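Have a look at the structure below before the remarks.
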Amino acid sequence: FFNLILSKSKILKTKYIKNMQNEIFGSFYNIILDYSNNPKNFGKLKNNTHNISANNSICGDKFNIFLIIHDKKIKEAKFFGEGCAISKASSSILTEIILDKEFKYINLVFNYFFFITCGYTNRNLNYDTLDEKTIKKISLFSNVKKFPMRIKCATLTWNSLFFLFK
């Protein structure tokens, strides 16, 4: 009897989580899952010039971001660690976007990301110079602001790197 209740409880919990994730990401849900299951730039970087830690003590997400920076440009970027699908996908997208970019552009990317995920904006910035690929990737997280408990997941590694590019 208890096994049946536990089994039904797990099914209901799984359905609830799936519905919540679908509500957060809508049609982008499968893309987020793909980034989480097959992250880009996942691993450690030897000879990195910067190693930044990102930890969420509440849920246990922990990542390190490894960068090779030369002349205010990201030459290589990788991340390593573990966390939920949202934080892992977000970290993967972050390392993709900043690769081979200069700090000035990255600063604009970060401001746009925080505008999309949290609603923060700097009215003095013009986002027209962002390329379409970057805008599409960041837009995957546009609904996360509706779920305050998930914002930290999406912004974890971004917050850790933000001041580096100022």
Side-chain angles (χ1 to χ4, degrees), residues 24-25 28 30-166:
I24 293 172
F25 298 110
F28 302 129
N30 289 331
I31 299 169
I32 294 293
L33 273 183
D34 186 49
Y35 267 103
S36 176
N37 294 330
N38 307 296
K40 313 294 188 268
N41 305 310
F42 188 76
K44 295 180 180 177
L45 232 165
K46 293 181 180 177
N47 304 320
N48 55 291
T49 58
H50 294 74
N51 178 355
I52 295 98
S53 294
N55 299 306
N56 183 345
S57 58
I58 295 170
C59 69
D61 293 351
K62 291 181 181 183
F63 292 101
N64 276 38
I65 302 103
F66 304 94
L67 303 172
I68 294 178
I69 299 174
H70 183 68
D71 292 333
K72 292 195 172 195
K73 191 172 185 177
I74 305 298
K75 298 294 184 183
E76 288 190 61
K78 288 191 177 268
F79 76 102
F80 187 78
E82 54 188 48
C84 68
I86 296 169
S87 63
K88 196 170 193 180
S90 183
S91 299
S92 179
I93 288 170
L94 167 63
T95 58
E96 267 191 318
I97 290 174
I98 66 173
L99 198 57
D100 291 323
K101 300 293 190 288
E102 294 181 357
F103 280 20
K104 186 176 180 181
Y105 183 82
I106 294 170
N107 187 38
L108 187 62
V109 167
F110 271 66
N111 278 282
Y112 184 71
F113 177 80
F114 289 117
F115 169 66
I116 291 298
T117 57
C118 307
Y120 306 138
T121 187
N122 181 340
R123 297 190 191 281
N124 298 326
L125 295 175
N126 181 356
Y127 300 123
D128 293 341
T129 58
L130 292 176
D131 63 88
E132 191 176 327
K133 250 184 176 177
T134 297
I135 290 171
K136 282 182 179 180
K137 287 178 182 180
I138 290 174
S139 294
L140 292 171
F141 300 97
S142 61
N143 283 338
V144 82
K145 64 184 158 218
K146 295 178 185 176
F147 302 87
M149 293 301 292
R150 304 306 284 188
I151 291 173
K152 192 152 186 161
C153 301
T155 62
L156 180 64
T157 50
W158 295 76
N159 277 325
S160 296
L161 287 180
F162 182 69
F163 291 103
L164 180 64
F165 302 113
K166 285 287 184 179

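Bear in mind that the values here come from a model prediction, so they are computed numbers and not experimental data.
Proximity of Thr155 to Phe113: side-chain heavy atoms (C-beta onward) are separated by under 4.5 Å at one or more points. Residues Phe79 and Asn64 form no side-chain contact, since every pair of their non-hydrogen atoms from C-beta on lies 4.5 Å or further apart. Put simply, the side chain of Leu130 does not reach to within 4.5 Å of the side chain of Ile138, judged on heavy atoms. Taking the side chain as every heavy atom from C-beta outward, Ile74 and Ile69 approach each other to under 4.5 Å. Side-chain contact check for Asn51 versus Ile65: every heavy-atom pair is 4.5 Å or farther apart. Residues Thr157 and Leu161 fail the side-chain proximity criterion, which asks for heavy atoms closer than 4.5 Å. Inter-residue side-chain proximity for Ile52 and Phe63 is flagged as unmet; no heavy-atom pair is nearer than 4.5 Å. Within the 4.5 Å cutoff, the side chain of Ser90 has heavy atoms near those of the Phe141 side chain.
Applying the 6.0 Å contact sphere to CG of Asn37 captures more than 12 heavy atoms from other residues, nucleotides or ligands.
Under the 3.5 Å distance criterion, the side-chain polar atoms of Ser36 are left unmatched by any main-chain donor or acceptor of Ile32. Side-chain atoms of Ser91 come within 3.5 Å of backbone N or O of Ser87 as a donor-acceptor pair. Remark: side-chain polar atoms of Ser92 are not paired, donor with acceptor, to backbone N or O of Lys88 under 3.5 angstrom. Under a 3.5 Å cut-off, the side chain of Thr49 and the backbone N or O of Leu67 do form a donor-acceptor pair.
Atom CD1 of Ile98 is separated from atom OG1 of Thr134 by 11.0 Å, given to the nearest 0.5 angstrom. For the atom pair OG1 of Thr95 and CG of Asn41, the computed distance is 3.5 Å after rounding to the nearest 0.5 Å. The distance from the CG atom of Asp131 to the CD1 atom of Ile97 is 8.0 Å, given to the nearest 0.5 Å. Distance check, rounded to the nearest 0.5 Å: CG of Asn56 to NZ of Lys152 gives 5.0 Å. Atom-to-atom distance recorded for Ile135:CD1 and Lys133:NZ is 13.5 Å, nearest 0.5 angstrom. The distance from the CD1 atom of Ile151 to the CG atom of Leu156 is 13.5 Å, given to the nearest 0.5 Å.
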**Request:** Evaluate the criterion side chain to side chain donor-acceptor pair (under 3.5 Å) for residue pair Tyr112 and Asn107; output intermediate values, then yes/no.
**Result:** CA-CA 9 Å; Tyr112 184 71; Asn107 187 38; over 6 Å; no
**Message:** Please evaluate residues Cys84 and Arg150 with respect to the criterion side chain to side chain contact (heavy atoms under 4.5 Å, CB included), reporting the C-alpha separation (whole Å), side-chain torsions for both, the decisive distance (0.1 Å), and the verdict.
**Reply:** CA-CA 10 Å; Cys84 68; Arg150 304 306 284 188; 3.7 Å; yes
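The salt bridge (Lys or Arg N to Asp or Glu O under 4.0 Å) test with Glu96 is passed by exactly one of Lys137, Lys40, Lys136: Lys137. For the side-chain contact (heavy atoms from CB on, under 4.5 Å) test with Ile68, the passing option among Lys73, His50, Glu76, Lys78 is Glu76; the others fail.
Across all their heavy atoms, Asp61 and Cys153 have their closest contact at OD2-SG, 4.3 Å. Considering every non-hydrogen atom in both Ala154 and Trp158, the closest pair reads O-CD1, 3.4 Å. Listed here is the closest heavy atom pair of Leu33 and Ala85: CD2-CB, 4.4 Å.
Remark: Asn55 pairs with no residue by the side-chain hydrogen bond (donor to acceptor under 3.5 Å, both in side chains) rule, at least two apart or across chains.
Ring geometry for Phe110 against Phe162 counts as tilted: the plane angle lies between 30° and 60°, on a 0 to 90° scale.
Glu82 and Lys62 are not joined by a salt bridge, as no carboxylate oxygen comes within less than 4.0 angstrom of a charged side-chain nitrogen.
A donor and an acceptor atom, one from each side chain of Tyr35 and Asn30, are nowhere located under 3.5 Å apart.
Aromatic ring centres of Phe66 and Phe80: separated by at least 6.0 Å.
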